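What you see is a predicted model; the values in this text were computed from it and never measured. Starting from 1, each residue takes its place in the sequence as its number.
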Amino acid sequence: VVADDVMCDAALKAYGIAGNWQLVLSTFEAMPSMRIEHDLVRYSMVLEALYESGQEWRFFERALVSGIYDACLIIGDGLLDLHGCSEGVAAMMVRWWLAYYVRSTSEGFGPRRLRIITGWGKHRPLRKEG
């Protein structure tokens, strides 16, 4: 059986649900050799699987450097717009933004007013009912 993008996406999802971040990461790393692109959704699946594993920040930095989140991450004067980010990625973005971006302004203290825009879920299906 030849692996395709659907099979790899299913593997990323299944390994992530099982809590096996090592298999998520190795599957992701193997994708280019199978001619499968690393896209926004796949980066997000890996980041969610890596969340609180101790490996998430190095991978998050890699994702930022790759530019994969440029379309859904808008940083402005005291503004962080997370439209298009998954819940797990949005949580990491907020932590990163507060720790690095806000603190490292020219004034040294960050802006007095911060705005974080997350949207209200009208573009994503309901995950579960409260």
Side-chain angles (χ1 to χ4, degrees):
V1 176
V2 177
D4 64 6
D5 58 338
V6 174
M7 288 175 64
C8 285
D9 289 350
L12 289 175
K13 183 83 170 167
Y15 296 148
I17 289 170
N20 195 331
W21 64 264
Q22 296 94 338
L23 281 175
V24 172
L25 196 53
S26 66
T27 301
F28 182 82
E29 297 297 356
M31 287 177 150
S33 68
M34 295 180 268
R35 295 189 175 100
I36 299 171
E37 260 185 59
H38 290 158
D39 63 8
L40 177 76
V41 172
R42 293 179 183 119
Y43 265 98
S44 296
M45 282 195 280
V46 174
L47 275 171
E48 290 200 19
L50 290 175
Y51 192 72
E52 295 184 355
S53 70
Q55 305 298 314
E56 67 271 22
W57 291 110
R58 184 169 45 202
F59 191 81
F60 180 70
E61 233 175 71
R62 174 181 166 184
L64 289 176
V65 168
S66 78
I68 202 75
Y69 289 111
D70 288 354
C72 70
L73 175 65
I74 300 167
I75 300 173
D77 185 31
L79 170 70
L80 178 65
D81 188 339
L82 300 168
H83 279 94
C85 292
S86 67
E87 292 89 0
V89 172
M92 288 191 72
M93 294 267 190
V94 169
R95 289 171 59 194
W96 164 79
W97 187 62
L98 292 173
Y100 299 101
Y101 179 76
V102 172
R103 191 181 322 162
S104 66
T105 62
S106 58
E107 297 85 32
F109 301 108
R112 291 178 182 242
R113 185 175 192 190
L114 304 174
R115 292 182 299 153
I116 300 173
I117 301 170
T118 61
W120 51 287
K122 69 178 183 177
H123 300 291
R124 292 179 52 111
L126 184 64
R127 271 182 112 167
K128 62 181 178 181
E129 294 200 27

Original post:
How far apart are the closest heavy atoms of Met45 and Lys13, and which atoms are they?
Top reply: SD-N, 4.1 Å

Original post:
Can you get from Tyr15 to Met34 by hopping between Ile, Leu, Val, Met, Phe, Trp and Tyr side chains that sit under 4.5 Å apart?
Top reply: yes

Subject >> Spatial distance of atom CG (Asp39) from atom OG (Ser44) [nearest 0.5 Å] >> reply: 8.5 Å

Subject >> From CA spacing to verdict: side-chain contact (heavy atoms from CB on, under 4.5 Å), Leu47, Tyr69 >> reply: CA-CA 12 Å; Leu47 275 171; Tyr69 289 111; 3.4 Å; yes

Original post:
So which heavy atom on Cys8 is nearest to which on Ile36, and how close?
Top reply: SG-CD1, 3.5 Å

**OP:** Give the C-alpha distance, both sets of side-chain angles, the deciding distance and a yes or no for side-chain contact (heavy atoms from CB on, under 4.5 Å) between Arg42 and Val46.
**Re:** CA-CA 6 Å; Arg42 293 179 183 119; Val46 174; 5.7 Å; no

Original post:
Between Trp57 and Met92, is any pair of side-chain heavy atoms under 4.5 Å apart?
Top reply: yes

Original post:
Between CG of Leu12 and CD1 of Ile17, what distance do you get to the nearest 0.5 Å?
Top reply: 11.0 Å

Subject >> Audit row: Met93, Phe60, side-chain contact (heavy atoms from CB on, under 4.5 Å) steps and yes/no >> reply: CA-CA 9 Å; Met93 294 267 190; Phe60 180 70; 3.8 Å; yes

Original post:
Can you get from Leu64 to Val41 by hopping between Ile, Leu, Val, Met, Phe, Trp and Tyr side chains that sit under 4.5 Å apart?
Top reply: yes

Subject >> For the student: nearest non-hydrogen atoms of Gly16 and Ala49, plus distance >> reply: CA-CB, 4.0 Å

Subject >> For Phe28, ring pair (Phe, Tyr, Trp, His ring centres under 6.0 Å) partners two or more places apart >> reply: His38, Tyr43, Phe59

**OP:** Apply side-chain contact (heavy atoms from CB on, under 4.5 Å) to Asp9 and Met31, showing your working.
**Re:** CA-CA 10 Å; Asp9 289 350; Met31 287 177 150; 4.1 Å; yes

Subject >> Heavy-atom side-chain contact between Val24 and Leu50 under 4.5 Å >> reply: no

**OP:** Determine the sole option in Leu98, Val94, Ile117 for which the side-chain contact (heavy atoms from CB on, under 4.5 Å) test with Leu80 is passed.
**Re:** Val94

**OP:** Kindly work out whether a path of hydrophobic side-chain contacts (I/L/V/M/F/W/Y, heavy atoms less than 4.5 Å apart) joins Val89 to Ile116.
**Re:** yes

Original post:
Pairs in or reaching into residues 50-59: which pass salt bridge (charged side-chain N to carboxylate O under 4.0 Å, His left out), with residues at least two apart or in two chains?
Top reply: none

Original post:
What are the two closest non-hydrogen atoms of Glu48 and Gly88, and how far apart are they?
Top reply: OE2-N, 3.4 Å

Original post:
Going by heavy atoms in the side chains, are Trp96 and Glu61 under 4.5 Å from each other?
Top reply: no

